[in-house]
A.B. asks: 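Handing you a structure now.
When a residue number appears, it is its place in the shown sequence, counting from 1.
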Amino acid sequence: MSTHNQPPEDPNLKKQAVTFFTIIQSVFSSFIGIQNNANRKRDFESGKFWHFFAAGIIFVVIFVVALWLGAKYLIATAA
């Protein structure tokens with residue numbers, strides 16, 4: 001792979017550990033569309049796919065249930 005067109009790597013991002021909090025932060029940031037390139041690169045290089053996949057599925061389920069409960073509450077109080 002050619003590296004002449006790529007920006008220099010940030011030495012602070014070398015082998016950063018991906019913790020539970022950083023996984024949650026990355027999934028939330030990606031979900032709302034504000035994930036920056038440095039964090040995305042860290043996730044792909046240091047994180048495990050299944051951790052992010054599971055966190056994403058759990059986040060989507062929580063989001064859908066929250067929407068459903070919110071709609072149910074609004075319909076019940078509108079009557």
A.B. asks: My understanding is that only one of Arg40, His51, Arg42 makes a side-chain contact (heavy atoms from CB on, under 4.5 Å) with Ser26; could you say which?
C.D. replies: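 Of Arg40, His51, Arg42, side-chain contact (heavy atoms from CB on, under 4.5 Å) with Ser26 is met by Arg42 alone.
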A.B. asks: Could you tell me the separation between the CZ atom of Phe52 and the CD1 atom of Ile57, rounded to the nearest 0.5 Å?
C.D. replies: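 That separation rounds to 14.5 Å.
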A.B. asks: Atom NZ of Lys48 and atom CD1 of Ile23: how far apart are they, to the nearest 0.5 Å?
C.D. replies: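 Rounded to the nearest 0.5 Å, the NZ-CD1 separation comes out at 9.5 Å.
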A.B. asks: Is there a path of hydrophobic side-chain contacts, each under 4.5 Å between heavy atoms of I, L, V, M, F, W or Y residues, that connects Val61 with Trp68?
C.D. replies: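 Linked within one cluster.
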A.B. asks: Counting only heavy atoms not in Phe28, do more than 12 sit closer than 6.0 Å to its CZ atom?
C.D. replies: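 Atom CZ in Phe28 is not packed in, count stays at 12 or less.
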A.B. asks: With distance as the sole criterion, is a donor-acceptor pair present between the side chains of Gln25 and Asn39 under 3.5 Å?
C.D. replies: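 Looking only at side-chain atoms, Asn39 and Gln25 do not form any donor-acceptor pair under 3.5 Å.
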A.B. asks: Determine whether a donor-acceptor pair (N or O, by modelled atom type, separation under 3.5 Å) exists between the side chain of Thr77 and the backbone of Leu74.
C.D. replies: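 Yes.
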A.B. asks: In terms of hydrophobic clustering (I, L, V, M, F, W, Y; side-chain heavy atoms under 4.5 Å; direct or indirect links), are Trp50 and Val18 co-clustered?
C.D. replies: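 Different hydrophobic clusters.
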A.B. asks: Parallel, tilted or perpendicular: which one describes the rings of Phe59 and Phe63, with boundaries at 30° and 60°?
C.D. replies: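 Correct class here is parallel.
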A.B. asks: Quick check on the hydrophobic clustering: are Val60 and Ile34 connected, directly or via other members, by side-chain heavy-atom contacts under 4.5 Å?
C.D. replies: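 In one cluster with Val60: Ile34, yes.
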A.B. asks: Are there over 12 heavy-atom neighbours, none belonging to Tyr73, within less than 6.0 Å of that residue's OH?
C.D. replies: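 No, the 6.0 Å shell around OH holds no more than 12 heavy atoms from other groups.
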A.B. asks: Using a 3.5 Å distance criterion without hydrogens, assess whether the side chain of Thr22 forms a donor-acceptor pair with backbone atoms of Thr19.
C.D. replies: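 Yes, because the side chain of Thr22 sits within donor-acceptor range (under 3.5 Å) of the backbone of Thr19.
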A.B. asks: For the OG atom of Ser30 and the CD atom of Gln35, what is their distance to the nearest 0.5 Å?
C.D. replies: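 Going from OG on Ser30 over to CD on Gln35, the span is 4.0 Å.
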A.B. asks: Of the non-hydrogen atoms in Val27 and Ala55, which two are nearest, and what is the gap between them?
C.D. replies: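 Minimum heavy-atom contact is CG2-CB, 3.7 Å.
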